[in-house]
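Quick notes on the structure that follows.
Every chain is numbered from 1 and lettered A, B, ... according to where its sequence line falls, protein lines coming before strand lines. Computed from a predicted model, the values in this text were never measured in an experiment.
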Amino acid sequence: MGRSQPATPQKQLVASSISSHSPVYQALLRAGPRLKPLQQVHAHLIVSGTHHNFFLLTKLILLACTSKSAIYTRNLFIFSIKSPDSFIFNNLIRISSKFRFPRDALFFFRRMLLSRIPPSNYTFTSVIKTCADVAALRLGSVVHSHALVNGYGLDSFVLAALVAFYSKCGKLRVARKVFDKMPDRSLVAWNALISGYEQNGFAKESVELFNLMLESGTIPDSATFVSVLSGCAQLGALELGCWVHGYVLQNGFPVNVVLATALINMYARCGKVREAREVFNQMTVRNVVTWTAMISGYGIHGYGSEAVELFHGMRACGPPPNEVTFVTVLSACAHAGLVSEGREIFASMTRDYGLIPEVEHHVCMVDMLGRAGMLDEAFSHIRKLTKPAPAVWTAMLGACKMHKKLNMGVQAAEHLLALEPKDPGHYVMLSNVYALAGRMDRVEMVRNKMMMRGLKKQVGYSTIEIDRKTYLFSMADKSHLETSEIYRYLDDLIRRIGEAGYAPAKDSVLHELEEEEREYALRYHSEKLAVAFGLLKASNGTGIRVVKNLRICEDCHLAIKFISDVTHREITVRDKLRFHHFRDGLCSCADFW
DNA sequence: ATAGGGTTAG
């Protein structure tokens, strides 16, 4: 029957005769995703007259795209492929999106629409992923409607991609809405939203969703654990973090590098640096992120020499440190007063690794020199910079406050306020510098300026985890069920530490308040409330772990030292910058923070 | 052929 057909397209005949066993196809496979070999095979196709073969051209262009040769791929697309089919379009879009060539992915998508080839769920997932990569909210929303119109409103792949997309754009409410409407939620959809919450700072929501996931009977995987552990790290939720670790081990889930690194980070940020090191030691494969997480862990606990030692270990037998590694090790030096070590490490950055110091490294250097009381050196470090970033001046101002250097502090603050006139934190700092110098007239002036500009001090709060639940306290908080008990207990504690020699450090309260209000405000700072609650609730012998969103104040620091002494309890406070381990009336930061 | 993951200064 085939014979009786008119001799229609020679092409078709050739196409059918070329299979995946043919020598040319094998040559393409051998070439793989490499530009030069592909072009050689291409030349061979032309010479042998098979360069119109659709099957071969499809393989060629997809390999070209995989080889990341964007120009060659586009040329093949424009000049060699007469009428690309949906398979070619979908794969070009997918590969371009996978290798982060968003412009190409969108180019092919537009061409697909212009060719009137209907996009499929494959098309939409890749295009949405591309929109997520470049956080193109408007475009992504248009593609979303497009997907709905094309009948993919219930497709689990498309919807999972949309959840990830809205999460990446910070639109968690929309992401949640899409997620809630999914008829059957895939593991990836759960993971995308859990990660979305965590990445956008909504650790609590992330953990809550994880619990819903378990209740729904969906089995989590390593990506789930990684996001939840990051959430635990954010929250300082050690109990939950330990539970996740146990769950992973008991159920025999494989612990890969990323998961182990997330565990290190969780333990370190929950105050358990020894446990973090244990995970680190047990790993067989460690990459630069692993090492950096461990060094950072030591740093935030004030264990500068351990951080430096590990850094040298990394130099000797680990992967090359990257710019993040240097930030963490320099910060560790700054917090531990390791000036000469820090200087040497800073120098090695460019000398040994060809890394150019960025703003964050300069911030660490200024912080390090400034904390150590070497304010002139810190200042001259700034002067060497062509355009000092605000953060550098923030570090300088912090050092001036610490060492009560009024003139230099005012100078730093002036630079800072010129650069960032809307940051309330800078005004607070400056007013504190004036207060410490006894210039109450100036304190008043800064406060007025702040009010006139409609700026408000950031609200401080502290959290504490009891029985895998996190409780939040703000200053003079009375929203808790056991408020009266907590206040009674705290008042009694303050009486006891008063007998032991504690006197409120009234200077450390923000001078927005009148004299008689100050002591009251200090007395019921969120961290004190959280500590009191912890002492009431946590069983004897266990440590108290509090997380504060801002830096701990001078008075709370002093009070908690006394509290650790009179109650014989270990108290850990993680503030915005680092850990304070209080024990027997002393703090691990040695009052150097 | 489809979607999700770990480290960063003040």
Establish whether the base of B:dG5 is bridged to the side chain of A:Asp221 by a donor-acceptor pair shorter than 3.5 Å.
no
Member of A:Phe311, A:Phe280, A:Phe326 meeting the ring-ring contact (aromatic ring centres under 6.0 Å, His included) criterion with A:Trp291
A:Phe280
Please determine if a side-chain N or O atom of A:Arg269 lies less than 4.0 Å away from the OP1 or OP2 oxygen of B:dT8.
yes
Quiz item: A:Thr261 side-chain donor-acceptor pair to B:dG6 base, under 3.5 Å
yes
At under 4.0 Å, does any side-chain N or O of A:Gln199 touch on OP1 or OP2 of B:dG6?
yes
Is the phosphate of B:dG4 approached by A:Ser195 (side-chain N or O, under 4.0 Å from OP1 or OP2)?
no
Classify the angle between the aromatic ring planes of A:Phe253 and A:Phe225 as parallel (below 30°), tilted (30 to 60°) or perpendicular (above 60°).
perpendicular
OG1 of A:Thr66 to CZ of A:Phe99: how many Å apart, nearest 0.5 Å?
5.5 Å
Students often get this wrong, so: under 4.0 angstrom with heavy atoms, is A:Ser120 touching a base, only sugar-phosphate, or nothing?
nothing
Hey, does A:His335 reach any base, or is it just sugar-phosphate, or nothing, if we go heavy atoms under 4.0 Å?
sugar-phosphate
Could you note down all residue pairs passing side chain to side chain donor-acceptor pair (under 3.5 Å) where residues 410-425 of chain A supplies at least one of them, sequence neighbours left out?
A:Glu420-A:His426
Looking at every strand, decide which applies to A:Val257 at a 4.0 Å heavy-atom threshold: base, sugar-phosphate, or nothing.
base
Within less than 4.0 Å of OP1 or OP2 of B:dT7, is there a side-chain N or O belonging to A:Asn265?
yes
Nearest to the side chain of A:Ala164 - B:dA9, B:dA3, B:dG6?
B:dA3
Tell me whether the OP1 or OP2 atom of B:dT8 has a side-chain N or O from A:His361 closer than 4.0 Å.
no
What nucleotide, of B:dT8, B:dG10, B:dG4, holds the atom closest to the side chain of A:Lys168?
B:dG4
Face-to-face stacking of A:Phe157 with B:dA3, centres under 5.5 angstrom, angle under 30°:
no
